[in-house]
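Here is how names work: the chains are called A, B, and so on, in the same order as the sequence lines, proteins then strands, and each is numbered from 1. The shown structure was predicted, so the numbers you read here are calculated from the model rather than taken from an experiment.
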2 protein chains.
Amino acid sequence: MAERRTPSRERIVAGAADMISRRGLSATSIREMAKHAKAPLGSTYHYFPEGKQQLATEAVRYTGEWVARSLRKELESGPVEGLRAFLALWRKIVVESDFHAGCPVLAVAVEEPPADEVPPALAAAADVFAQWETLLAASLREHGAEAEQAAQLATLVVAAVEGTVAMCRAKRSAQPLDDTAEQLRALVVGAIKR
Amino acid sequence: MAERRTPSRERIVAGAADMISRRGLSATSIREMAKHAKAPLGSTYHYFPEGKQQLATEAVRYTGEWVARSLRKELESGPVEGLRAFLALWRKIVVESDFHAGCPVLAVAVEEPPADEVPPALAAAADVFAQWETLLAASLREHGAEAEQAAQLATLVVAAVEGTVAMCRAKRSAQPLDDTAEQLRALVVGAIKR
DNA sequence: GGTAGACTATGACGGCCGTTATAGCCAGAG
DNA sequence: CTCTGGCTATAACGGCCGTCATAGTCTACC
């Protein structure tokens, strides 16, 4: 019934992820997300009854899963290849959007939780980061890296890539991504060959 | 006349930087910034006639200079000590705000420039990143690192710290900062001892 | 053919946004 | 004392925000 084929719902989520990655969460209105996905405003509240927070949460998870899929596949060729693909993926997004788009997960992570509760979208962002780190760390361990070193390095890689993507947008240049790519590559090579 | 002593103006800028680092630029209203600095709304438009963009730009520059001062001082004891202080500075902000505050420069970098122009606040963010990198790279070179290596490593450090700070907020944990700290430290030590 | 339920269309609600205008205050210079 | 000019107070402007309600439409199954 509801899940037969609803390309509209997924289009909204994907579009929301794209817009959030460009403008940030609070600068992206539900009306704009609907229009961007060529969906009526009423539909967004039909598919996402909990409103903006739910849509943001799903956008984060959508991006997380999309990147994780690519990561899993490329890591089959080893950590170095996985890292290369991870960096290439973000480089493509940044460059092809003419330095307008970035990572929606980071965009959501950079907004204050109201008072003392943790909004679901922020929790989803934490999960996505952890997921990417887990994938990288596992591959590193499988290729000979010591456990703690693998975990730390995985964290560094994810954080560095996120930070570098944002930096590239500010500088309107892909140079930072190429610089950190080289540094991280050497680091990964050193970590698995010992 | 205007610059004799106007603590009010600086209070507004400092408060704006803090609020932007928590909620992001577009989620922070001028009214709130004024109230947070206990200044009347009219005063913000008196001190910053170009409105929100100008205030954001000054907040970014203010933070940039503040961090650069600390960085310059600590780098006198060498790159390793400078890196340690850099990380400690952000760790303090993140932890003491109970994972609510981050870096206002990153917050500004993560908002889409409208159409094809570059807002001054975004340009300021790029400048601040470059400034921090320059300081680190110079210190690395002075301590024996090769020029290109120094530049790349400096970029990695700044980007990684920015990304890690955001990650800590999402995870509500300082662990990522401690992890990347260790990795970066080893990297810096290796780069200057050769 | 009828009926249920997924989706859409439309419009309204109060509220906050950035910005501007205008008039008033009040210290310090002459 | 007067007057100037930095600063404040107050109110208003149009506009977009998130959300909700209600009445439709249309499709798929009985």
Side-chain angles (χ1 to χ4, degrees), chain A residues 1-17 19-20 22-60 107-108 111-115 117 119-122, chain B residues 1-17 19-20 22-60 107-108 111-115 117 119-122:
Chain A
M1 306 278 194
E3 297 295 285
R4 193 78 61 85
R5 66 203 152 89
T6 322
S8 171
R9 192 184 198 278
E10 185 171 340
R11 232 187 23 240
I12 296 176
V13 173
M19 296 192 73
I20 291 171
R22 294 169 182 264
R23 326 221 252 219
L25 175 53
S26 59
T28 306
S29 75
I30 291 200
R31 269 171 251 257
E32 284 171 321
M33 298 194 227
K35 181 175 292 185
H36 184 272
K38 292 194 207 314
L41 174 60
S43 293
T44 59
Y45 282 93
H46 174 76
Y47 292 122
F48 313 96
E50 285 161 63
K52 195 177 186 177
Q53 266 297 322
Q54 183 183 358
L55 187 37
T57 305
E58 299 213 19
V60 167
V108 163
E111 307 227 346
E112 187 173 50
E117 62 187 314
L122 186 59
Chain B
M1 294 298 190
E3 297 295 286
R4 192 82 59 88
R5 64 205 153 87
T6 321
S8 170
R9 191 183 199 279
E10 185 170 340
R11 237 192 13 247
I12 296 175
V13 173
M19 297 192 71
I20 291 170
R22 293 169 183 265
R23 324 221 253 216
L25 176 53
S26 60
T28 306
S29 75
I30 289 198
R31 269 173 251 255
E32 285 171 319
M33 298 195 228
K35 182 175 290 185
H36 183 271
K38 292 193 206 317
L41 174 61
S43 294
T44 59
Y45 281 95
H46 175 75
Y47 292 123
F48 314 96
E50 285 161 63
K52 193 175 187 179
Q53 265 297 320
Q54 184 184 357
L55 187 38
T57 306
E58 299 212 18
V60 167
V108 163
E111 307 228 348
E112 186 172 49
E117 63 189 311
L122 186 59

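- Following rounding to the nearest Å, Met33(B) (CE) and dC16(C) (C1') show an atom-to-atom distance of 14 Å.
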**OP:** Just do the side-chain contact (heavy atoms from CB on, under 4.5 Å) check on Val13(B) and Tyr47(B) with the steps written out, would you?
**Re:** CA-CA 10 Å; Val13(B) 173; Tyr47(B) 292 123; over 6 Å; no
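- Taking the side chain of Pro40(B) as heavy atoms from C-beta on, and the options dC17(C), dA9(D), dT19(D), the nearest nucleotide is dA9(D).
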| message | Checking Leu55(B) against Met33(B) for the side-chain contact (heavy atoms from CB on, under 4.5 Å) test, could you report, in this order, the C-alpha distance in whole Å, the side-chain angles of both residues, the deciding distance, and whether it holds? | response | CA-CA 10 Å; Leu55(B) 187 38; Met33(B) 298 195 228; 3.7 Å; yes
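- Counting to the nearest Å, the C1' atom of dT19(D) and the CD atom of Glu50(A) are 14 Å from each other.
- Comparing atom distances between the Ile30(A) side chain and each of dC17(C), dT19(C), dG18(D) picks out dG18(D) as nearest.
- The distance from atom NZ of Lys35(A) to atom C1' of dC16(D) is 12 Å, rounded to the nearest whole Å.
- As rounded to whole Å, 13 Å separates atom C1' of dA21(D) from atom CG of Leu41(A).
- Residue contacts shown for Thr44(A) are absent, as no nucleic acid heavy atom lies under 4.0 Å away.
- Taking only side-chain nitrogens and oxygens, Ser29(B) never comes nearer than 4.0 Å to OP1 or OP2 of dC16(C).
- You'll find that the side chain of His46(B) is closest to dG6(D), out of dG18(C), dG6(D), dC17(C).
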Check the pair Arg23(A), Ser26(B) against side-chain contact (heavy atoms from CB on, under 4.5 Å), reporting the backbone distance first and the verdict last. CA-CA 9 Å; Arg23(A) 326 221 252 219; Ser26(B) 60; over 6 Å; no
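- Rounded to whole Å, the distance from OH on Tyr45(B) to P on dT19(C) is 4 Å.
- Within the 4.0 angstrom heavy-atom criterion, no nucleotide atom of any strand lies near Gln53(B).
- The interatomic distance linking Lys52(A) (NZ) with dG15(C) (P) rounds to 19 Å, in whole Å.
- Along DNA chain D, the nucleotide closest to Ala27(A) and the one closest to Gly42(A) are compared, and the more 5′ of them pairs with Ala27(A).
- A pairwise comparison of heavy atoms in Gly24(A) and Ala107(A) identifies CA-CB, 4.3 Å as the closest pair.
- Here the C1' atom of nucleotide dC13(C) and the CZ atom of Arg31(A) are 11 Å apart, to the nearest Å.
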Quick one: do Ile12(B) and Glu58(B) satisfy side-chain contact (heavy atoms from CB on, under 4.5 Å)? Show the steps, please.
-> CA-CA 10 Å; Ile12(B) 296 175; Glu58(B) 299 212 18; over 6 Å; no
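- Using a 4.0 Å heavy-atom cutoff across all strands shown, Thr28(B) reaches sugar-phosphate atoms only and no base atom.
- Rounded to whole Å, atom P of dA6(C) lies 16 Å from atom CZ of Phe48(A).
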